[in-house]
Protein chains: 2
Amino acid sequence: MPFTYDYPHPAVAADIAVFTLRRGALNVLLIERGEPPHKGAWALPGGFLQPDEELDDCARRELLEETGVDAELLLHFGNFSAPDRDPRERVISVAYLALLPSDELRLEASTDAAQARWFPVDDLPPLAFDHDEILGRALGALSSQARRISPLFALLPGRFTLSQLQGAYEAVIGEDAEKRNFRKMVSALECVRETDDFAHGAHRPARLYEPAAAWINPGRDTGRTSATPPSGARS
Amino acid sequence: MPFTYDYPHPAVAADIAVFTLRRGALNVLLIERGEPPHKGAWALPGGFLQPDEELDDCARRELLEETGVDAELLLHFGNFSAPDRDPRERVISVAYLALLPSDELRLEASTDAAQARWFPVDDLPPLAFDHDEILGRALGALSSQARRISPLFALLPGRFTLSQLQGAYEAVIGEDAEKRNFRKMVSALECVRETDDFAHGAHRPARLYEPAAAWINPGRDTGRTSATPPSGARS
DNA sequence: TTACTTAGTGTAGTCAACACACGAACATGC
DNA sequence: GCATGTTCGTGTGTTGACTACACTAAGTAA
């Protein structure tokens, strides 16, 4: 790294793709821009990095400020750095995805947003800046994450039925799952613990489950650093 | 995203963990810093983003400038943004990993580096800044990537034997593989094509293989966007 | 009491991953 | 040139994982 640096610094912002389930379908939170550029267009929420703030904290703060909720899962999935992606000045976008339980839907448009709204990911309006590209990448990353099941807890209430969990899985992956196989998978992953309570609806009550401890905020797989020692490949 | 932004902009840099194989072992390229801070300490190569440059291009350029080689695989695996990670000023580090064939070892220390050297990843010196954390994350990401086999081509010459490929796999994963199963896996992935030539050594010659087309620079898995249409989960 | 809907479970078949042993081909040294 | 040593390269049987599939259980509502 050079010890002098004469070039102008870019702005750095976090943009967040916030997903939730509404009526069984995956929805993403968009804001309608209240100011130029792209005034009137829909965009992902986001904002600029502050001086003494880590990027992860910036994303969490912006999300809290712009939507009023604190996300349980905030995952960085990419940077977007095209020099002309923002006409005002150079902005490096650090992109995150977040998941919210479907019942926390208190949307509060902030000053610079005309309104905030949920959109089904299958029926999106045109987006400002390069946010369509960012959102596409977010959906891909989300789908990969969901196969580990535990990230889906952030989409559900604290206790949930296995049918709810399967519904979230199907909504995120975009494919149907077979009931018994899904339950076998969840059982094998040992990521839920059954409770003694049941959800009562119009039909047979379903047992409620909760996340097993240590599955909140699961680390990324780090291969070598967390793996058992190699069996002899090292000399 | 707010339309005004009064905070100072951070510097943005790319740091690159460059890996290669030397005598069968995974090595990483480090430079000895020639200037404060951390003068005399070893660090990952890297440098600052220029005004009209994408982050990916910055990483590639810095690597070319500091080591004289053009990397075939440059993969972003994380950002590092602790406010005090660089004592000079705030620097956001965008971290990449790169793979080089083991025979391209023309190291040219640039002006700000006293020297550049390969280190086995099992025997590293103390590193400057937070580069030990960056390198740890790089090793984890590399191990995940290697399971797809095709990224390993960047560690090998243009044509290689299956034993060489297996050696690269084992060095990166950190575990031994079983020969026949490894070959079956490679065969199933259809990522190599056999040639009519053989490598002649001290013993029975081994057939040379080359990467199958379309496996250079493989895209990330994007789930929904590249998957077959869902079978009915969407209404 | 009946009808309806969802909850919840076990098995058989298929496929992929794993462990395993040997003959083939070439270089080298005697 | 012959024997020896080393790596190359292949097939099979076993095991565990994933897939597909159908019924009974339990409650609500009419």
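Keep in mind the model is a prediction, meaning the values are calculated, not measured. A note on names: the letters A, B, ... follow the listed sequences, proteins ahead of strands, and every chain is numbered from 1.
One N or O donor and one acceptor, one from the side chain of A:Arg180 and one from the base of D:dA22, sit under 3.5 Å apart. On a pure distance criterion of 3.5 Å, no polar donor-acceptor pair joins the side chain of A:Arg204 and the base of D:dA26. One donor-acceptor pair, N or O on each side, does fall under 3.5 Å between the base of C:dT11 and the side chain of A:Lys184.
When heavy atoms are screened at a 4.0 angstrom cut-off, B:Arg207 is found touching the sugar-phosphate backbone but no base atom. Across all strands shown, A:Thr161 has no heavy atoms under 4.0 Å from either base or sugar-phosphate atoms.
Between B:Phe129 and B:His131, the ring planes are tilted. Angles from 30° to 60° get that label. In this structure, A:Trp42 and A:Phe119 have perpendicular ring planes: the angle between them is above 60°, well past the 30° mark.
Taking atom CG of A:Leu189 as the reference point, atom P of D:dA17 lies 12 Å away to the nearest angstrom. Between the CG atom of A:Leu208 and the C1' atom of D:dG27 there is a distance of 15 Å, rounded to whole Å. Atom pair A:Asp176:CG and D:dA20:C1' shows a separation of 14 Å (rounding to whole Å applied). The distance between atom CZ of B:Phe198 and atom C1' of D:dT7, rounded to the nearest whole Å, is 14 Å. The CD atom of A:Glu175 sits 11 Å away from the P atom of D:dA20 (whole-angstrom rounding). Between the OH atom of A:Tyr209 and the P atom of C:dA7 there is a distance of 11 Å, given to the nearest Å.
Residue B:Leu135 forms a side-chain contact (heavy atoms from CB on, under 4.5 Å) with just one option from B:Leu127, B:Asp130, B:Val121, and that option is B:Leu127.
Minimum interatomic distance between A:Leu63 and A:Ile16 (heavy atoms only, all atoms of both residues): N-CD1, 4.2 Å. Pairing each heavy atom of B:Leu55 with each of B:Val12, the nearest pair is CD2-CG1, 3.8 Å.
In this model, the phosphate group of D:dG9 is approached by a side-chain N or O of B:Arg183 to a distance below 4.0 Å at OP1 or OP2. Contact annotation: B:Ser163 reaches the phosphate of D:dC8 (side-chain N/O to OP1 or OP2, under 4.0 Å).
Side-chain atoms of B:His203 lie closest to D:dG5 of the nucleotides D:dG27, C:dT9, D:dG5.
Comparing A:Lys179 and B:Leu162 by the nucleotide of DNA chain D that holds the closest heavy atom to each, the one mapping nearer the 5' end is B:Leu162. In this structure, B:Ala188 and B:Glu178 both approach DNA chain C, and ranking their closest nucleotides by distance from the 5' end singles out B:Ala188. Positionally, the nearest nucleotide of DNA chain C for B:Asn181 lies more toward the 5' end than for the other of B:His200 and B:Asn181.
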